[in-house]
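Values reported hereafter were calculated over all heavy atoms of this structure, with side chains retained and with hydrogens, waters and symmetry mates removed. Bear in mind that the values here come from a model prediction, so they are computed numbers and not experimental data. All residue numbers in this chain count up from 1 along the given sequence.
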Amino acid sequence: MKAVLLLFAALYALLPGAYAVALVPALWILQRLFIEEGEAILTVGPVDITAVDFAILILSGKLLFEIACKRALAADRRLYAALAIFLAINFLATLAAGVKFGESHLLRCVTSWARLSSDMMLVPVAAQAVKTLPQARHCLGILLGTLGVLAAIQFVNFFGASHGIIIGEVQGIERGEVRYFGPVGDSVGFVLLLGYLLALGFGSLAGAAAFLGAILLTAGLGAIFATALGTGFFLLAARRTPAFGAAVRRCAWLLPVLLLAGVVAGLAFARPLIGPLLDRVGTGGYASSGSQRLDSARIAGAMILDNPLLGVGYMGYQQVLERYGGKKFFDLSKPDGATANSNNQVLQALADSGVPGLVALVGLIFCAGRSLLRIAVRRDDPFFSTFYLAAFLWLLALVFGDLAAVWLLPSFGARLLWILLGVSVALPRLLAEQAAHENSPSSSAPAATELAPA
């Protein structure tokens with residue numbers, strides 16, 4: 001299977017750049033389904049390379065080739081500077097942590113940092129790979145299709161788990177607290193939130209309901225909180241999405257029928273859909289989860305106080321748990337008996353690279369939001385403006401939702417964000433070229449005909 005997946009990654013990278021970039025999340029899903037967690041398909045020295053890493057390396061090589069050929073490069077200087085500063089600060093913090101905590105700690109943190117750097121390469125790769133507006137539409141359409149597949153997998157697991165049909169991860173079957181995560185893991189709720197906001201923006205109320213149901217199946221506190229915030233943000237900005245208003249108006253005359261159908265659907269499906277959520281509440285699952293987050297925060301606080309300027313290295317939290325009292329709260333003798341992060345993005349940034357790391361994260365989020373919003377406020381293409389308005393609201397909801405999780409950096413959702421940002425870098429130039437072509441005299445004036453002399 002490793003050889004097959006490696007060959008698939010190589011063939012996939014031969015696709016036109018825009019489509020290859022858009023398929024990175026799908027390749028990552030296949031990797032999670034067919035390769036054991038942490039198992040590499042290729043090892044170079046101490047570094048394990050996954051199928052996604054291999055594909056991104058090839059795509060990055062194509063970008064470097066274009067740079068070497070001195071072709072025009074699409075760039076957003078502020079965004080690229082924010083990415084570079086974030087990586088540089090975390091790298092320096094990781095080197096300092098290696099001196100303090102040893103070579104083994106350094107190697108693990110450098111490996112995590114290298115994988116983050118590889119993922120962030122998707123921004124310039126996507127920006128350069130998207131050459132035309134149709135390619136940009138197809139790229140974003142592939143991402144939306146990937147989200148739809150993830151939502152469908154949630155329902156396949158929901159109906160199939162009792163029959164032994166499971167795709168990816170389903171937790172808690174043995175203790176009656178079932179939670180559905182699929183191939184993405186417990187970040188899936190944050191990922192599906194993007195699909196939910198996109199469905200609302202494009203006026204697909206049925207699609208929004210399907211994504212919402214898929215999110216509820218995760219029973220994730222952070223995801224549900226972020227979804228509530230995202231819904232509120234969307235309603236405040238709904239006037240900028242004509243398709244949503246049109247969908248609401250189309251359905252207005254069906255309101256009595258919809259209410260009746262809602263009651264019937266609620267009786268048939270609402271309890272099963274929110275069952276995982278109610279089970280966690282009824283059995284104290286959320287109390288336990290809240291306690292774990294408090295314990296994780298206490299340990300992160302100890303790390304931050306001891307390393308306020310340099311942190312413990314990028315994603316070094318788990319490696320130094322024991323040093324900072326992790327035994328008091330977690331069973332460190334079991335592989336899954338501890339916690340991999342602080343369950344709070346702010347605390348995680350401080351623990352990783354101290355105060356400079358938090359400042360760099362804030363700057364990165366600001367520049368990313370600016371890049372997304374720049375496309376969202378345009379009025380020359382309703383598809384792109386609607387898509388990027390949903391993406392901006394998604395990022396905004398993630399910032400608040402990540403007060404109870406660490407799913408912005410790193411995660412599957414972050415890969416989606418890097419691709420969206422890369423396309424957003426390419427779009428202003430492409431939209432300007434289209435506008436210039438449409439407004440040029442040669443494109444608007446009728447073609448002149450030569451009259452032959454009599």
Query - Inter- and intrachain pairs under ring-ring contact (aromatic ring centres under 6.0 Å, His included), touching residues 409-430, at least two apart - result: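 Residue pairs with at least one partner in residues 409-430: W28-F412.
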Query raised in the report: Going through the checks in order, is the side chain to side chain contact (heavy atoms under 4.5 Å, CB included) test met by L430 and T132?
Result: CA-CA 6 Å; L430 297 177; T132 65; 5.6 Å; no
I'd like to know if the side chain of [X] reaches the main chain of [Y], judged simply by a donor and an acceptor atom lying under 3.5 Å from each other, with no hydrogens or angles considered.
| X | Y | answer |
| --- | --- | --- |
| R179 | T218 | yes |
| T241 | A243 | no |
| Y317 | S296 | yes |
| W394 | F190 | yes |

I need the minimum non-hydrogen distance between [X] and [Y], along with the two atoms involved.
| X | Y | answer |
| --- | --- | --- |
| L427 | A136 | CD2-CB, 3.9 Å |
| A237 | L393 | CB-CD1, 4.4 Å |
| G98 | L106 | CA-CB, 3.6 Å |
| L27 | A55 | CD2-CB, 3.7 Å |
| A127 | A426 | O-CB, 3.5 Å |

**Report entry** CZ (R379) with more than 12 external heavy atoms under 6.0 Å
**Finding:**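 Yes, CZ of R379 has more than 12 neighbouring heavy atoms, counting only those of other groups under 6.0 Å.
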With [X] via salt bridge (Lys or Arg N to Asp or Glu O under 4.0 Å) - residues at least two apart:
| X | result |
| --- | --- |
| R240 | none |
| R108 | none |
| D186 | none |

For [X], what residues pass the side chain to side chain contact (heavy atoms under 4.5 Å, CB included) criterion, not counting sequence neighbours?
| X | answer |
| --- | --- |
| F202 | L198, F383, T386, F387 |
| D53 | I49, T50, R115, S118 |
| A126 | V21 |

Residue pair [X] / [Y], side-chain heavy-atom distance below 4.5 Å:
| X | Y | answer |
| --- | --- | --- |
| F211 | L147 | yes |
| V178 | Y180 | yes |
| V170 | F181 | no |
| M315 | W113 | no |
| P25 | L416 | yes |
| V377 | Y388 | no |
| M303 | L347 | no |

As an exercise, state the distance from [atom1] of [X] to [atom2] of [Y], rounded to the nearest 0.5 Å.
| X | Y | atom1 | atom2 | value |
| --- | --- | --- | --- | --- |
| L396 | F233 | CG | CZ | 4.0 Å |
| F91 | L116 | CZ | CG | 13.0 Å |
| I56 | L122 | CD1 | CG | 4.0 Å |
| L15 | L59 | CG | CG | 9.5 Å |
| T94 | L87 | OG1 | CG | 10.5 Å |
| L143 | L194 | CG | CG | 8.0 Å |

Query raised in the report: Which pairs count as side chain to side chain donor-acceptor pair (under 3.5 Å) when at least one residue sits in residues 353-366, sequence neighbours excluded?
Result: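 Those involving residues 353-366 are N90-S353.
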Query raised in the report: Could you give all pairs that pass the side chain to side chain donor-acceptor pair (under 3.5 Å) test and reach residues 148-169, with sequence neighbours left out?
Result: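 Matches after skipping sequence neighbours: E169-Q171.
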Query raised in the report: What's the verdict on side chain to side chain contact (heavy atoms under 4.5 Å, CB included) for R137 and D381, showing C-alpha distance, side-chain angles and the deciding distance?
Result: CA-CA 11 Å; R137 293 178 195 275; D381 192 300; 2.4 Å; yes
Donor-acceptor pairs under 3.5 angstrom involving side-chain atoms of residues 354-376: please list them, not counting sequence neighbours.
unit_1 : atom_1 : unit_2 : atom_2 : d
S371   : OG     : S424   : OG     : 2.7
R374   : NH2    : D76    : OD2    : 3.3

Requested in this report: Return the set of residues passing ring pair (Phe, Tyr, Trp, His ring centres under 6.0 Å) with F234 (not counting sequence neighbours), or none when no residue passes.
Outcome: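 Only F244 meet the ring pair (Phe, Tyr, Trp, His ring centres under 6.0 Å) criterion with F234.
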Query raised in the report: Are side-chain N/O atoms of Q348 and N344 paired as donor and acceptor at under 3.5 Å?
Result: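 Per modelled atom types, Q348 and N344 side chains form no pair under 3.5 Å.
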Report task. Would you mind listing every salt bridge (Lys or Arg N to Asp or Glu O under 4.0 Å) that reaches into residues 416-430, with sequence neighbours excluded? Result ->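 Listed by first then second residue: R429-E433.
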Report task. Check the pair Q318, N341 against side chain to side chain contact (heavy atoms under 4.5 Å, CB included), reporting the backbone distance first and the verdict last. Result -> CA-CA 6 Å; Q318 189 174 25; N341 55 63; over 6 Å; no
